[in-house]
K.L.:
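Before I ask anything, here is the structure I am working with.
Small disclaimer: the values here were computed from a predicted structure and weren't measured. Along the sequence shown, residues carry numbers from 1.
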Amino acid sequence: MLKVYSAEWCQPCKTLKKMLTENKIKFTVIDIDKEPEASRKAVIMGLPTIVNETDDRLVGAVTMDQITSKLL
(Lines give C-alpha, C1' and ligand atoms only; values in the text may rest on other atoms or scores of the structure.)
Protein backbone atom coordinates (compact mmCIF):
# COMPACT_ATOMS: atom_id res chain seq x y z
CA MET A 1 0.00 0.00 0.00
CA LEU A 2 1.24 3.46 -0.85
CA LYS A 3 1.57 6.26 1.68
CA VAL A 4 0.65 9.72 0.47
CA TYR A 5 1.99 12.63 2.50
CA SER A 6 -0.21 15.62 1.81
CA ALA A 7 -2.02 18.65 3.22
CA GLU A 8 -5.58 19.88 2.84
CA TRP A 9 -4.41 23.16 1.28
CA CYS A 10 -2.26 21.43 -1.38
CA GLN A 11 -3.95 21.32 -4.80
CA PRO A 12 -1.51 18.79 -6.33
CA CYS A 13 -2.23 16.56 -3.29
CA LYS A 14 -5.96 16.69 -4.00
CA THR A 15 -5.37 15.87 -7.66
CA LEU A 16 -3.11 12.94 -6.75
CA LYS A 17 -5.61 11.46 -4.29
CA LYS A 18 -8.36 11.70 -6.91
CA MET A 19 -6.15 10.04 -9.53
CA LEU A 20 -5.21 7.17 -7.20
CA THR A 21 -8.84 6.65 -6.20
CA GLU A 22 -10.02 6.63 -9.83
CA ASN A 23 -7.36 4.03 -10.68
CA LYS A 24 -8.31 1.89 -7.67
CA ILE A 25 -4.83 2.14 -6.13
CA LYS A 26 -4.78 1.40 -2.40
CA PHE A 27 -3.20 4.19 -0.40
CA THR A 28 -3.22 5.80 2.99
CA VAL A 29 -3.01 9.55 3.56
CA ILE A 30 -0.78 11.20 6.14
CA ASP A 31 -1.70 14.87 6.60
CA ILE A 32 1.53 16.69 7.43
CA ASP A 33 -0.33 19.38 9.38
CA LYS A 34 -2.15 16.86 11.58
CA GLU A 35 0.75 14.41 11.91
CA PRO A 36 3.94 16.51 11.86
CA GLU A 37 6.01 13.88 13.69
CA ALA A 38 5.21 11.25 11.04
CA SER A 39 6.29 13.60 8.27
CA ARG A 40 9.51 14.49 10.11
CA LYS A 41 10.34 10.79 10.61
CA ALA A 42 9.74 10.13 6.91
CA VAL A 43 11.87 13.18 5.95
CA ILE A 44 9.17 14.74 3.78
CA MET A 45 10.64 17.66 1.86
CA GLY A 46 7.88 18.42 -0.67
CA LEU A 47 4.21 17.77 -1.33
CA PRO A 48 2.72 15.53 -2.31
CA THR A 49 5.16 12.72 -1.54
CA ILE A 50 4.22 9.14 -2.38
CA VAL A 51 6.15 6.34 -0.65
CA ASN A 52 5.91 2.60 -1.29
CA GLU A 53 6.80 -0.34 1.00
CA THR A 54 10.47 -0.27 -0.03
CA ASP A 55 10.75 3.50 0.59
CA ASP A 56 10.89 4.42 -3.10
CA ARG A 57 9.44 7.92 -3.52
CA LEU A 58 7.94 10.35 -5.94
CA VAL A 59 7.55 14.02 -5.02
CA GLY A 60 5.33 16.63 -6.60
CA ALA A 61 2.80 16.42 -9.38
CA VAL A 62 3.27 13.07 -11.09
CA THR A 63 1.51 11.01 -13.74
CA MET A 64 -0.09 7.61 -13.31
CA ASP A 65 2.64 6.19 -15.59
CA GLN A 66 5.33 7.46 -13.23
CA ILE A 67 3.56 5.94 -10.23
CA THR A 68 3.10 2.61 -12.00
CA SER A 69 6.67 2.37 -13.25
CA LYS A 70 8.43 3.47 -10.07
CA LEU A 71 6.21 2.57 -7.13
CA LEU A 72 3.95 -0.34 -8.03
K.L.:
Has Thr49 got a side-chain atom pairing as donor or acceptor with Met45's backbone, closer than 3.5 angstrom?
P.N.:
no
K.L.:
Not counting sequence neighbours, which residues clear side-chain hydrogen bond (donor to acceptor under 3.5 Å, both in side chains) with Thr63? List them please.
P.N.:
Gln66
K.L.:
Drop me the distance from Thr28's OG1 to Lys3's NZ, to the nearest 0.5 angstrom.
P.N.:
8.0 Å
K.L.:
What are the two closest non-hydrogen atoms of Ala7 and Cys13, and how far apart are they?
P.N.:
N-SG, 3.8 Å
K.L.:
List the atom of Glu8, the atom of Lys17, and the distance in Å for their closest heavy-atom pair.
P.N.:
OE2-NZ, 4.3 Å
K.L.:
Show the nearest heavy-atom pair for residues Val51 and Arg57, with the distance to one decimal.
P.N.:
CG2-CG, 4.0 Å
K.L.:
Between Val59 and Leu47, which heavy-atom pair has the shortest distance, and what is it?
P.N.:
CG1-N, 4.4 Å
K.L.:
Using links of under 4.5 Å between side-chain heavy atoms of ILVMFWY residues, direct or through other members, which residues join Val4 in one cluster?
P.N.:
Leu2, Leu16, Met19, Leu20, Ile25, Phe27, Val29, Ile50, Leu58, Val62, Met64, Ile67, Leu71, Leu72
K.L.:
Could you list all the side chain to side chain donor-acceptor pair (under 3.5 Å) pairs where at least one residue sits in residues 29-47, not counting sequence neighbours?
P.N.:
Trp9-Asp33, Glu37-Arg40
K.L.:
Drop me the distance from Tyr5's OH to Ile32's CD1, to the nearest 0.5 angstrom.
P.N.:
11.0 Å
